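As the structure is a computational prediction, the values presented were derived from the model and not from experiment.
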Protein chains: 2
Amino acid sequence: MSLPAPRADRESQWLKGVLDLAVLAALAREGSAYGYGLLRSLADAELGGLKGGTVYPVLGRLEDEGLVRSEWVTGGAGPPRRYFFLTAGGRAALDEGRAGWTSFADRMTRALEG
Amino acid sequence: MSLPAPRADRESQWLKGVLDLAVLAALAREGSAYGYGLLRSLADAELGGLKGGTVYPVLGRLEDEGLVRSEWVTGGAGPPRRYFFLTAGGRAALDEGRAGWTSFADRMTRALEG
DNA sequence: GGCTGGTAGATGGTATGGCCAACTAGTTGA
DNA sequence: TCAACTAGTTGGCCATACCATCTACCAGCC
């Protein structure tokens, strides 16, 4: 391929560094959630077409950073689910990230309009 | 180091895929510009602390994609400057990118507030 | 019992692109 | 001659979203 524009969906680039905040926000909104459910609510709603291979590593990173806690729940219908909850640190990180994002988005939008 | 949060400045992640649009917008605003000037106007204004190693490759990519044209200008004060101009394709890409960005930023902001 | 299909989670490799550091070169002034 | 500033270039690093693939559990069906 030698087409000039690789076209690599800009949106997937834009998600970088924001996806974790989106996940934190979804957890804050829903109280708790398991990966597969998040996957579908995020994909059906605002942010299009996320796949498991994208979301699960995010949850893993968030747990490594102590921003979420997880808990296996077995015995329901289907395979066991791993439910995630925000920690206090996660809530703080979400607030901070929200502020940073709105600031950045404003500056960027202004830069694009000039 | 074992601190949980690697702290890798979120903003630098957010710039991914948006910086090229910011550069296109700056060129559209100023008519033409050379790299070092762009560097300073972008850094002084909205988007903080950009370095040469970040901006010059962007200009190179934009030229490879046919979105900008460049022209060396020698004989002024100081080293030769390479001036960049938007092409028609660049203007179209800017419009398209602007629309995509505002849409994404809106959806993202809504997702963060929920 | 075996099949199939949907649910749930995990993993590895790839490619993108901003970052830093170092480098070359031209001009100006001491 | 030397230093400082301007201007552009290059190479390697690293985080992270993407894709494809894999395991495993359960339900319904024959």
Side-chain angles (χ1 to χ4, degrees), chain A residues 1 5-23 32-43 47-65 68 70-84 104 108, chain B residues 1 4-23 32-43 47-65 68 70-84 97 104 108:
Chain A
M1 286 216 273
R7 186 158 316 283
D9 279 323
R10 292 189 185 282
E11 285 224 3
S12 70
Q13 289 297 324
W14 292 343
L15 271 179
K16 292 203 179 194
V18 192
L19 179 55
D20 55 346
L21 287 179
V23 169
S32 79
Y34 62 103
Y36 199 77
L38 270 180
L39 199 55
R40 305 215 291 191
S41 66
L42 285 176
L47 318 174
L50 294 173
K51 297 295 171 51
T54 298
V55 171
Y56 289 117
V58 171
L59 289 166
R61 280 198 297 272
L62 291 177
E63 189 165 31
D64 288 346
E65 296 171 14
V68 304
S70 74
E71 199 171 293
W72 284 96
V73 175
T74 60
R81 296 172 171 179
R82 191 173 171 191
Y83 278 87
F84 292 87
F104 174 79
M108 189 58 209
Chain B
M1 284 214 277
R7 185 162 317 284
D9 277 324
R10 292 189 186 281
E11 284 225 4
S12 70
Q13 289 297 323
W14 292 342
L15 272 178
K16 291 206 179 193
V18 193
L19 180 55
D20 54 347
L21 287 179
V23 169
S32 78
Y34 62 104
Y36 198 78
L38 270 180
L39 199 56
R40 305 216 291 193
S41 66
L42 285 177
L47 318 174
L50 293 173
K51 298 295 172 52
T54 298
V55 170
Y56 289 117
V58 170
L59 290 166
R61 279 198 298 273
L62 292 177
E63 188 165 33
D64 288 345
E65 296 170 13
V68 304
S70 75
E71 200 172 292
W72 283 96
V73 174
T74 60
R81 297 172 171 180
R82 191 173 171 193
Y83 278 86
F84 292 87
F104 174 79
M108 189 58 210

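- Protein atom CG of B:Leu39 is 13 Å distant from nucleotide atom C1' of C:dG18, rounded to whole Å.
- Remark: B:Arg81 is not in phosphate contact with C:dG26, judged by side-chain N or O atoms under 4.0 Å from OP1 or OP2.
- Atom CG of B:Asp20 and atom P of C:dG18 are 7 Å apart (whole Å).
- Counting only heavy atoms from C-beta on, A:Arg61 has its side chain closest to D:dT16 among C:dA8, D:dT16, D:dT10.
- Side-chain nitrogen and oxygen atoms of B:Tyr36 include none within less than 4.0 Å of the OP1 or OP2 phosphate oxygen of D:dG8.
- Between A:Arg10 and C:dT16 there is no side-chain N or O to OP1 or OP2 distance below 4.0 Å.
- Evaluation of atom-type donor-acceptor distances gives a pair under 3.5 Å for the side chain of A:Lys16 against the base of C:dT16.
- The separation between A:Leu50 atom CG and D:dT16 atom P is 16 Å, rounded to whole Å.
- At a threshold of 4.0 angstrom between heavy atoms, the contacts of B:Gly35 are confined to the sugar-phosphate backbone, with no base atom among them.
- The interatomic distance linking A:Leu42 (CG) with D:dC18 (P) rounds to 12 Å, in whole Å.
- Nearest approach of B:Gly52 to B:Pro57, heavy atoms of both residues: O-CD, 3.7 Å.
- Between A:Gln13 and B:Gly17 the shortest heavy-atom distance is CB-CA, 4.2 Å.
- A:Ser32 pairs by the side-chain hydrogen bond (donor to acceptor under 3.5 Å, both in side chains) definition with nothing, not counting sequence neighbours.
- Minimum heavy-atom separation, A:Leu42 to A:Leu50: CB-CD1, 3.9 Å.
- Following rounding to the nearest Å, B:Leu38 (CG) and D:dG8 (C1') show an atom-to-atom distance of 13 Å.
- B:Tyr56 has no side-chain polar atom (N or O) that falls below the 4.0 Å cut-off from OP1 or OP2 of D:dA7.
- Separating the CD atom of B:Gln13 from the C1' atom of D:dA17 is a distance of 10 Å, rounded to the nearest angstrom.
- Residue A:Pro80 is in sugar-phosphate contact alone, with no base atom involved, counting any heavy-atom pair closer than 4.0 Å across all strands shown.
- With distances taken from any side-chain atom of A:Arg82 to the nucleotides D:dT9, C:dA8, C:dA10, the minimum falls on C:dA10.
- If you measure from atom OH of A:Tyr34 to atom P of C:dG9, you get 7 Å, rounded to the nearest angstrom.
- In the set D:dC25, D:dC18, D:dT6, D:dT6 carries the atom at the smallest distance from any side-chain atom of B:Pro79.
- OP1 or OP2 of C:dT7 has at least one side-chain nitrogen or oxygen of A:Arg40 nearer than 4.0 Å.
- A residue-by-residue look at A:Trp72 and B:Lys51 shows that A:Trp72 has its nearest nucleotide of DNA chain C further toward the 5' end.
- Counting non-hydrogen atoms under 4.0 angstrom, A:Gly60 reaches nothing in the nucleic acid.
- Counting non-hydrogen atoms under 4.0 angstrom, B:Gly17 reaches the backbone sugars and phosphates but no base.
- Under the 4.5 Å side-chain criterion, counting only non-hydrogen atoms from C-beta, B:Phe104 is in contact with A:Leu15.
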Can you check side chain to side chain contact (heavy atoms under 4.5 Å, CB included) on A:Tyr36 and A:Tyr56, steps first, answer last? CA-CA 9 Å; A:Tyr36 199 77; A:Tyr56 289 117; 3.8 Å; yes
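- Between the CD atom of B:Glu65 and the P atom of C:dT16 there is a distance of 11 Å, rounded to whole Å.
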